[in-house]
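To start, the structure itself, in structure tokens.
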Amino acid sequence: MRGAALLFDVDGTLTDTTYLHALAWWRALVDAGHDVATAAVHRLVGMGSSELLTSLLGHDDPDLSEAHGRQYQRLKGEIRPLPGARDLLEQVSDRGATVVLATSAKKRDVGDLLRALDADEWIDHVIDAGDVEAAKPEGDIFSAALEASGCPAERALVVGDTVWDVEAAAKVGLPTVAVLTGGHSTADLLDSGAVAVYRDAVDLLGQLDASPVGQLLSS
């Protein structure tokens, strides 16, 4: 067991997929006759599918979730790691952290994300929506990620990009360092409880020693 754990969200934090998901959801919703703005969809990306649809429409719809999956499949060739993502994973792993990916993505999509990241040597565990009962903003994914890490909550930190990450982490007593690459504002992330906000993984890496991440790893 290592001394500290970093629990990373993936979409919007490590991979530039937030807007691919927003587009896929928007196309699925419009095809099904729902008159929604892409902006409304974007704000909910990061939730699990059931949670997103319930927030947007007032009810779950498995057919829409499947339609989103088909639309997203067509966009998977455009999945890219965000700037600095691989370097950040390498750095925190080399400093002794247990690295756990904790994502609301479906298991069928996780392999594509991991291939895009190309960072398996620095990732110790992966927890996805299929491993838990409820996806974000419930805390199940981070609870499972923490358990997989073998570290106590006081030796763990979440890195995410949405208010849903921050809220989910807080439900299991974990602080969140946030990045802006998912399109949520600094004000929204701080208001939801993030302990610090950085522009992206490059910015966080550049300030790593002074950041909550660096402080955890050096303590």
Side-chain angles (χ1 to χ4, degrees), residues 8-85 101-113 115-117 128-130 134-138 141 158-169 176 178-194 197-203:
F8 285 88
D9 170 65
V10 181
D11 288 301
T13 302
L14 299 174
T15 60
D16 197 4
T17 45
T18 295
Y19 296 96
L20 300 182
H21 278 295
L23 179 59
W25 276 117
W26 180 81
R27 286 175 172 171
L29 287 157
V30 169
D31 285 351
H34 296 285
D35 185 16
V36 297
T38 314
V41 179
H42 162 253
R43 293 288 301 170
L44 301 176
V45 171
M47 287 183 164
S49 296
S50 296
E51 292 79 5
L52 182 150
L53 288 168
T54 299
S55 293
L56 191 64
L57 304 177
H59 58 86
D60 191 13
D61 186 332
D63 290 338
L64 268 176
S65 182
E66 288 302 311
H68 159 263
R70 291 191 295 273
Q71 293 288 351
Y72 181 56
Q73 183 68 34
R74 297 170 186 168
L75 298 169
K76 282 184 176 178
E78 299 180 55
I79 296 174
R80 298 290 184 273
L82 281 158
L101 304 191
T103 174
S104 289
K106 290 183 170 62
K107 204 169 289 291
R108 69 190 179 200
D109 297 325
V110 170
D112 298 287
L113 296 171
R115 279 188 289 275
L117 271 175
D128 61 52
K136 301 169 191 172
E138 296 305 314
I141 284 174
V158 168
V159 181
D161 68 298
T162 69
V163 298
W164 318 119
D165 292 321
V166 181
E167 291 179 10
T176 302
V179 289
L180 297 175
T181 38
H184 287 246
S185 71
T186 298
D188 284 347
L189 292 164
L190 290 174
D191 286 348
S192 67
V197 179
Y198 296 87
R199 183 184 66 251
D200 53 18
V202 174
D203 186 28

Separation of [Y] [atom2] from [X] [atom1] (nearest 0.5 Å):
X	Y	atom1	atom2	answer
E78	Y72	CD	OH	10.5 Å
L75	R27	CG	CZ	5.5 Å
L56	L29	CG	CG	6.0 Å
D161	T18	CG	OG1	5.0 Å
S104	D165	OG	CG	7.5 Å
H42	W25	NE2	CH2	15.0 Å

Could you pull out the closest heavy-atom pair between [X] and [Y], with the gap in Å?
X	Y	answer
S192	V163	OG-CG1, 3.8 Å
L53	S65	CD1-N, 4.1 Å
V166	G193	CG1-C, 3.6 Å
D60	S50	OD2-OG, 3.0 Å
E51	A135	OE2-N, 3.4 Å

TODO: Please report the C-alpha distance between D31 and Q71 in whole Å, then the side-chain angles of each, then the deciding distance to 0.1 Å, and finally whether the side chain to side chain contact (heavy atoms under 4.5 Å, CB included) criterion is met.
DONE: CA-CA 11 Å; D31 285 351; Q71 293 288 351; 3.4 Å; yes

Indicate yes or no: at least one non-hydrogen side-chain atom of [X] is less than 4.5 angstrom from one of [Y].
X	Y	answer
W164	L44	yes
L113	T17	yes
L23	L20	no
L117	L101	yes
K76	D109	yes
L82	T13	no

Task: K136 versus T162, side-chain donor and acceptor atoms under 3.5 Å - done: no

If you look only at distance, which donor and acceptor atoms sit under 3.5 Å apart when one is on a side chain in residues 178-186 and the other is two or more places apart or in another chain?
from : atom 1 : to   : atom 2 : distance (Å)
T181 : OG1    : G12  : O      : 2.7
S185 : OG     : D188 : N      : 3.0
S185 : OG     : D188 : OD2    : 3.4

Task: V158 and D9: CA distance, side-chain angles, deciding distance, side chain to side chain contact (heavy atoms under 4.5 Å, CB included) verdict - done: CA-CA 8 Å; V158 168; D9 170 65; 5.8 Å; no

